[in-house]
Amino acid sequence: MGMTEEHTGGTAERLRRDKERKVAALREQGVNPYPYGYARDATTADCREQAAAWIDGGKTVALAGRLMSQRVMGKTSFGHLQDHRGRLQLFLRHDELGAESYQRFVKLVEPGDHLGARGRLFVTRTGELSLRVESWTLLAKALLPLPEKFHGLQDPELRARQRYLDLAVNEDVRDLFERRSRILRFIRGFFDARGFLEVETPVLQALYGGATARPFRTRLNALDLDLYLRIAEELHLKRLIVGGLERVYEIGKIFRNEGMDRAHNPEFTMLETYVAYWDYHDMAAFVEELLAGLVAELTGSARLPYGDTHLDFAPPWPRIDYFAALTEAAGRDLRGEDEDALRALAAERGIAVDPAWQRGRLLDAFCAKLVEPGLVQPCFLVDHPQAISPLAKEHRSKPGQVERFEVFAAGFELGNAFSELNDPVEQRRRFEQQMGLRAKGDDEAQVLDEDFLRALEVGMPPTAGLGVGIDRLVMLLTGTAHIRDVLLFPMMRPEA
RNA sequence: GCGCCACUAGCUCAACUGGUAGAGCAUCUGACUCUUAAUCAGACGGUUUGGGGUUCGAGUCCCCGGUGGCGUACCA
């Protein structure tokens, strides 16, 4: 054989054994490789901000973080310590730490381990702010290696599956999720400043509604009951308007049992808000202010970089009538066309349609294909057909249309809003219309909800409602092409 | 769903028309008291995604499975 026992197994196994051996050696030296805490008193960012003063004052600081690199040069060593605010170089000398501590750092510590380090700041000959380490403590020993230091972790599958590693080594990923958090914080602040109540409504529901989508099913053993995961927040939030809460919003997970691609994850975050006594014009102005504010928060102006150009969010944005846009894109007015004519035209234009779809959804297929991709600058597509908007109020002057808008930017639908239908008799008729579509095979058509109708019968004031897909908003605001990259833990097939 | 493509060491990647699987980083040993992709010398590490087939011979060609990427369809 010629191989010693020490060298059997793959590299991964050997890397792990080396680290386990180090853990054992540390314990033998009386060092706990997994202690209980560390009295950190500064971050690497604090060090950078206060560098001049702290160097002058000879201030001793205690940092904590993950060792990302290690350069041992005999009796001097360098390394980079990374905390959640950045990195700082560590400088360790044999004659300053003593043989035991120095050798322990050289022999038993590796990139990937968590350390606490105490010392004074100085600037090296090459000009890098560094910590001259006077004492250090192992805070947690890693048993797996970090990815390669120069190329890092690039495989998109590994990055998504092992987001902890991706976050540990890819700074731009940490930065993106900080921006996502800022976006959510800004939104909450915006609503809170205007007297909105943040609420939470059920995810598990006996009936699903509020959107056109297929649900996930689950089961409640205690009540021996089949349940659905919600596909929208709408119907519960409107019950709250009936209850007199007047201004509510919810930011929560929605689940839709449909395709996955770069713009769709089975679970995603939706913002919905409902405001009593507003109509959809009020809501449009509100959306303009919210999104312009968000863009300003992230870029300092109303302009958002987008490809070679930019999107201009300064209000007001154009209002584009649904049928006017459709007529222009299709080259003729589709309002008078019957289903057969629409199907023939779809076939002619290469637009895929489902045989179960009725007129309304056929029209929307044209819109999705011909109109929406061209909506690059922020705008509102307004006054959709009633047939595809069963929860929206009929338009006050356009027969067959409803008071609804969809917000578009970069060819993406960012939000959907309407003057909410609050006539319980008309709402029942619309539900029955939807149930008719279901019976004809459209399994995405909406389900009649008796309790919601009862709520409307108790009386809902005139109300405007809005839904915004947060993940898509984050994609737009951060210039991210794939929804996977704005989700910390995107849906993945289980590992084999 | 469908179509195309990819999968080689822990990570990032090589290996011509089929002919003994390599490198850098990481790891281990040694040298080195201002380095930073440290450097220098040496060593270890592989069922080439799994299974089957063709062939004297398969990382390479064929078939089936797994996972992913991109495109396409629907939904936010």
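Below, read A as the first sequence line, B as the second, and so on, with proteins coming before strands; counting in each chain starts at 1.
- Taking every side-chain heavy atom of A/His482 into account, B/C70 is the closest of B/C11, B/C28, B/C70.
- Nucleic acid contact class of A/Leu414 (heavy atoms, under 4.0 Å, all strands): none.
- A/Phe190 has its ring centre no less than 6.0 Å from the ring centre of A/Phe196.
- At a threshold of 4.0 angstrom between heavy atoms, the contacts of A/Val468 with the nucleic acid are absent.
- Applying the 4.0 Å criterion to OP1 and OP2 of B/G71, one finds that A/Arg262 has a side-chain N or O inside that range.
- With respect to A/Arg359 and A/Glu339, no salt bridge is recorded, no charged nitrogen being found less than 4.0 Å from a carboxylate O.
- Residue contacts shown for A/Gly415 are absent, as no nucleic acid heavy atom lies under 4.0 Å away.
- A close approach under 4.0 Å does not occur between any side-chain nitrogen or oxygen of A/Gln70 and OP1 or OP2 of B/U35.
- Among the atoms of the strands shown, none is found under 4.0 Å from any heavy atom of A/Phe412.
- Within the nucleic acid shown, A/Asn265 comes within 4.0 Å of at least one base atom, counting heavy atoms only.
- Across the C1' atoms, B/U17 and B/G24 are found 29 Å apart, a figure rounded to whole Å.
- Counting heavy-atom neighbours within 6.0 Å of A/Arg262 CZ, excluding the residue itself, gives a total of 12 or less.
- Spacing between B/G57 and B/A21 at atom P, rounded to whole Å, works out to 15 Å.
- Donor-acceptor pairing under 3.5 Å, judged by distance alone, is present between the side chain of A/Thr124 and the base of B/U35.
- In this structure, A/Asp261 reaches the bases: a heavy-atom distance under 4.0 Å links it to at least one base atom across the strands shown.
- If you check B/U29 for Watson-Crick or wobble pairing at under 3.5 angstrom, you find it paired to B/A41.
- For A/Glu128 and B/U35, a side-chain-to-base donor-acceptor distance below 3.5 Å is absent, hydrogens and geometry of angles not being considered.
- Among the heavy atoms of the strands lying under 4.0 Å from A/Phe122 is at least one base atom, whether or not backbone atoms are also near.
- For A/Tyr280 and A/Phe418, the gap between ring centers reaches or exceeds 6.0 Å.
- Here, B/A9 and B/A15 have their P atoms 15 Å apart, quoted to the whole Å.
- The side chain of A/Lys107 contributes an N or O atom lying less than 4.0 Å from OP1 or OP2 of B/G30.
- No N or O donor and acceptor, one from the side chain of A/Asp155 and one from the base of B/C11, sit under 3.5 Å apart.
- Applying the salt bridge (Lys or Arg N to Asp or Glu O under 4.0 Å) test between A/Glu420 and each of A/Arg430, A/Lys238, A/Arg404 identifies A/Lys238 as the sole match.
- Among the heavy atoms of the strands lying under 4.0 Å from A/Arg132 is at least one base atom, whether or not backbone atoms are also near.
- Here B/U12 is the nucleotide among B/U35, B/U12, B/C74 with the atom lying nearest to any side-chain atom of A/Gln154.
- Formation of a donor-acceptor pair under 3.5 Å by the A/Arg349 side chain with backbone atoms of A/Ala330 is found in this model.
- In this entry B/G3 has B/C70 as its Watson-Crick or G-U wobble partner, both defining distances falling under 3.5 Å.
- Using a 4.0 Å heavy-atom cutoff across all strands shown, A/Gly74 reaches at least one base atom of the nucleic acid.
- With a cut-off of 3.5 Å on both pairing distances, B/U8 has no Watson-Crick or G-U wobble partner at all.
- Listed pair A/His151 / B/A26 fails the phosphate criterion, with no side-chain N or O lying under 4.0 Å from OP1 or OP2.
- Distances shown here put every side-chain N or O of A/Arg17 at or beyond 4.0 Å from the OP1 or OP2 atom of B/U27.
- Place A/Arg484 and A/Glu406 on RNA chain B by their nearest nucleotides, and A/Arg484 ends up nearer the 5' end.
- Annotation: of the two residues near RNA chain B, A/Ser130 and A/Glu110, the 5′-most nearest-nucleotide partner is A/Glu110.
- Proximity of A/Glu406 to A/His384: side-chain heavy atoms (C-beta onward) are separated by under 4.5 Å at one or more points.
- The base of B/U33 sits within donor-acceptor range of the side chain of A/Arg93, with an N or O pair under 3.5 Å.
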